[in-house]
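To start, the structure itself, in structure tokens.
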Amino acid sequence: MRLTRYFLPVLKENPAEAHIVSHRLMLRAGLVQQQTAGIYAWLPLGFRVLKKIEAIVRDEQERAGSIEVLMPTIQSADLWKRSGRYQEYGKEMLRIQDRHERDLLYGPTNEEMITSIFSSAARSYRDLPRNLFHIQWKFRDEVRPRFGVMRGREFLMKDGYSFDVDVESARRSYRRMFVSYLRTFERMGLRAIPMAAQAGPIGGDLSHEFSILAETGESQIYCHRDLMEMSMPGNDIDYDSDLEPVVEQWTKPYARADDEHDPAVFEAEVAPNDRLEARGIEVGHVFFFGSKYSEPLEATVSTPDGHSVPLQSGSYGIGVSRLVGAIIEAYHDDAGIIWPESVAPFQVGLANLGPDKPECVECCESLYTQLNNAGIETLFDDTAENPGVKLSRMELIGLPWQLRIGPRSLKKGVGEIQARRTGENTEVPLDNLVERIRALLGESSP
RNA sequence: CGGGACAUGGCGCAGCCUGGUAGCGCACCUGCUUUGGGAGCAGGGGGUCGCAGGUUCAAAUCCUGCUGUCCCGACCA
């Protein structure tokens, strides 16, 4: 993409309303634009990041055996009246009426709808287990939206739902999602720690919040330091195998957010040097809720012995739009964002530092073509602006690799590759540039 | 939902207390010069001060109401 044809409205100064680093950088780097409190328009660069995150989430969901669907944003109130949540859910639910004065709502979540959809077709234990997910915009009329997309009212969420014939089988579904969440966040360069959360209807251990550590986190978390070093399930993980050892490993060390925190247990279980207290951002939540919705909605299947039992379900959420902010909280410096490669809007930024020099233009045009042909996502700064403007803007938007071409380097027959993360600058002969970039991509993770 | 602030060109702000019809920096436009860390000179365009009402000869400035936004706390992916 040529910058002269792109839409990248960067801000030189910090917008007054943004108080945390990710919000500031998202506005400054032209990722989003606020439309009203807690509601954002995604500009081209931000939208690309959102899509990258979405793709990783989708990929890991499918790998774990979950199947994608798409449910509407607007729901009829009927289902919610049957489950009782139409009354229970507070003012956070946006209630609307259509022209026939029928009660509708903008979905804050989809347990009722998915239960209805699934149970309308699933009759038998043979149809189980299944896990369906969708990635869709939600609306929750938060009392106090803040921190940009980290607590918006409208937000993009992956919500998945598992259906099983009994609790033991549901546990297996839960573990699959648990493991897939560890992998999902890791692929974005995040270490998300599963925290024991408020127990579900059957009690026990089937609810976890996945949080990443960040100064601007909204909750206080307490955990064992080991969780920061523990190795993640690899690419070869078999979701049909017994995942209990993995879950066991990750849930054994103490890890709780402030609402579940018990200082006495913390101090008894964790040695002083191993205690980690920090702020956390919740990026995912897995939860088993049994027959909470299947019973009122009469979603049942027949068992092998011919009885009829309500579906056993869990729900699994990932805050996709929130992750954009969370990743920036984890990866930035004074100059701007530092995108992990896996979610970067472009892999490479190509900057022509001598836009008035024909040899620079020619060289950049050639490189741009080569990079495109190599399938490398490149943002080409072909503007006539000063080098300083280009370099600082490139740092602000945080592309992992910057390719700099100017009269100075050209004289030596080289181009410069600067790593955004380390600031390391390498001179590479012009002929080898594209090859080198290709080698660098994916070599260092994240 | 409790508490507290703010609202002035695209952005950041001053002016308001002590009413007299709007100013600065950045951005933008034109020209020339510049080009390896957010350039220089010259010229130029753009706001009626969130909205409504009131006081006054006169309101960005004082008063009332409304709306919007932000911050702190309690709740949430």
Side-chain angles (χ1 to χ4, degrees), chain A residues 9-20 23-24 27-28 30 33-39 53 57 89-93 107-110 135-160 181 184-185 192 197-198 208-212 217-219 257-259 280-287 315-326 335-336 351-357 360-361 381 383-396 402 404-412 415-416 418 423 425 427:
Chain A
V10 300
L11 303 174
K12 203 162 169 180
E13 291 177 87
N14 281 321
E17 73 271 18
H19 294 269
I20 65 166
H23 191 196
R24 271 204 303 269
L27 294 169
R28 285 199 51 209
Q33 196 181 76
Q34 182 173 334
Q35 294 310 304
T36 184
I39 298 181
I53 293 173
V57 169
Y89 224 105
K91 289 183 175 176
E92 283 187 2
M93 180 151 78
T109 179
N110 287 63
I135 299 173
Q136 177 64 292
W137 292 93
K138 305 288 186 292
F139 193 91
R140 293 184 193 169
D141 201 357
E142 297 278 346
V143 193
R144 191 186 160 208
R146 61 187 133 163
F147 301 152
V149 301
M150 300 268 275
R151 175 160 302 291
R153 292 192 293 171
E154 188 184 53
F155 57 96
L156 188 60
M157 178 163 104
K158 187 288 291 186
D159 43 324
Y181 273 35
T184 302
F185 297 121
Q198 199 159 42
H208 290 90
E209 291 176 1
F210 286 75
S211 290
I212 65 156
E218 289 193 82
S219 52
D258 39 18
D259 47 347
I281 300 172
E282 186 182 349
V283 289
H285 196 166
V286 292
F287 191 76
S315 69
Y316 314 91
I318 291 180
V320 175
S321 49
R322 169 180 286 184
L323 275 165
V324 180
N352 182 357
L353 301 182
D356 61 331
K357 307 278 190 301
C360 290
V361 174
D381 188 341
T383 65
E385 287 165 292
N386 284 320
V389 179
K390 294 185 173 183
L391 296 176
S392 56
R393 178 171 51 215
M394 205 58 97
E395 271 157 9
L396 174 64
Q402 295 170 27
R404 302 171 174 183
I405 301 295
R408 211 168 72 186
S409 59
L410 223 49
K411 221 168 275 174
K412 295 194 270 181
E416 293 157 57
Q418 173 135 341
N425 195 306
E427 294 189 343

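Each chain gets a letter, A, B and so on, in the order its sequence line appears, and its residues count up from 1.
- Going from the P atom of B/U18 to that of B/C28 covers 41 Å, rounded to whole Å.
- Nucleotides B/G15 and B/C75 are separated by 41 Å at their C1' atoms, to the nearest Å.
- Considering only side-chain N and O atoms, A/T36 lies under 4.0 angstrom from the phosphate OP1 or OP2 of B/U69.
- In this structure, B/A14 makes no Watson-Crick or G-U wobble pair, since no nucleotide meets both defining distances under 3.5 angstrom.
- Across the interface with RNA chain B, nearest-nucleotide mapping of A/K357 and A/H23 shows A/K357 to be the residue nearer the 5′ end.
- Contacts of A/K390 with the nucleic acid, taken as non-hydrogen atoms under 4.0 Å apart, are absent.
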Which protein N or O atoms sit under 3.5 Å from an N or O of nucleotides 28-31 of chain B?
none

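- Scored by the salt bridge (charged side-chain N to carboxylate O under 4.0 Å, His left out) test, A/E142 finds A/R151 as partners (sequence neighbours excluded).
- One distance of note links CD1 of A/I318 with CZ of A/F210; it measures 8.5 Å at 0.5 Å rounding.
- When heavy atoms are screened at a 4.0 angstrom cut-off, A/G317 is found touching no nucleic acid atom at all.
- Between B/G23 and B/G46, the distance separating the two P atoms is 13 Å to the nearest Å.
- One can place CD of A/E218 at 12 Å from C1' of B/G73, the figure rounded to the nearest angstrom.
- The base of B/G36 sits within donor-acceptor range of the side chain of A/S409, with an N or O pair under 3.5 Å.
- Between the P atoms of B/U48 and B/A60, the separation comes to 12 Å (whole Å).
- Taking A/Y316 as the reference, nothing meets the ring pair (Phe, Tyr, Trp, His ring centres under 6.0 Å) condition, with sequence neighbours excluded.
- Across every strand in view, B/C41 sits in a pair with B/G31 that passes the Watson-Crick or G-U test at under 3.5 angstrom.
- With sequence neighbours excluded, no residue forms a ring pair (Phe, Tyr, Trp, His ring centres under 6.0 Å) with A/F147.
- Residues forming a salt bridge (charged side-chain N to carboxylate O under 4.0 Å, His left out) with A/E17 (at least two apart in sequence, or on another chain): none.
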Pairs under 3.5 angstrom, nitrogen or oxygen only, protein versus nucleotides 40-45 of chain B, please.
none

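- Applying the salt bridge (charged side-chain N to carboxylate O under 4.0 Å, His left out) test to A/K412 and every residue at least two apart in sequence or in another chain returns A/E427.
- With rounding to the nearest 0.5 angstrom, the OG1 atom of A/T383 is 5.0 Å from the CZ atom of A/R393.
- For A/R28 (side chain) and A/N14 (main-chain N/O), no donor-acceptor pair under 3.5 Å exists by modelled atom type.
- The separation between A/L27 atom CG and B/U69 atom P is 15 Å, rounded to whole Å.
- Every residue two or more places apart in sequence or in another chain was checked for a side-chain hydrogen bond (donor to acceptor under 3.5 Å, both in side chains) with A/T36, and none qualifies.
- When heavy atoms are screened at a 4.0 angstrom cut-off, A/G152 is found touching base atoms of the nucleic acid.
- A/M150 CE to A/F155 CZ: the interatomic distance, rounded to the nearest 0.5 Å, is 14.0 Å.
- For A/H19, the listed nucleotide lying nearest its side chain is B/C71; candidates were B/G37, B/U69, B/C71.
- For A/K390, there are no side-chain hydrogen bond (donor to acceptor under 3.5 Å, both in side chains) partners two or more places apart in sequence or in a different chain.
- With a cut-off of 3.5 Å on both Watson-Crick or G-U wobble distances, the partner of B/C62 is given as B/G54.
- Residues passing the side-chain hydrogen bond (donor to acceptor under 3.5 Å, both in side chains) test with A/E282 are A/H285, sequence neighbours excluded.
- Closest to the side chain of A/N386, out of B/A77, B/U35, B/G38, is B/U35.
- Atom CD of A/E427 is separated from atom C1' of B/G36 by 12 Å (rounded to the nearest Å).
- For A/R144 against B/G3, no side-chain N or O and base N or O form a donor-acceptor pair under 3.5 Å.
- Residue contacts shown for A/R153 are absent, as no nucleic acid heavy atom lies under 4.0 Å away.
- With distances taken from any side-chain atom of A/K12 to the nucleotides B/A39, B/A77, B/C1, the minimum falls on B/A39.
- Base pairing annotation: B/G2 forms a Watson-Crick or G-U wobble pair with B/C72, both donor-acceptor distances under 3.5 Å.
- With both ends at atom C1', the span from B/U8 to B/U69 equals 15 Å, rounded to whole Å.
- Distance noted for atom C1' between B/U56 and B/G68: 29 Å (whole Å).
- For A/D159, the side-chain hydrogen bond (donor to acceptor under 3.5 Å, both in side chains) partners are A/H134, A/K138, A/Y161, not counting sequence neighbours.
- For the pair A/N425 and A/V320, nearest-nucleotide mapping onto RNA chain B gives the more 5' position to A/N425.
- At a threshold of 4.0 angstrom between heavy atoms, the contacts of A/Q34 are confined to the sugar-phosphate backbone, with no base atom among them.
- B/A7: Watson-Crick or G-U partner is B/U67, with both key distances under 3.5 Å.
- Taking atom P in both B/C51 and B/U35, the straight-line distance is 47 Å, to the nearest Å.
- A donor-acceptor contact shorter than 3.5 Å is absent between the side chain of A/R322 and the backbone of A/V283.
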For nucleotides 9-14 of chain B, print each protein N/O atom paired with a nucleotide N/O atom at under 3.5 Å, atom names and distance only.
from	atom 1	to	atom 2	distance (Å)
B/C11	O2	A/E13	OE2	3.4
B/G12	OP1	A/A16	N	3.1

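- Rounded to whole Å, the separation between the P atoms of B/U30 and B/G45 comes to 15 Å.
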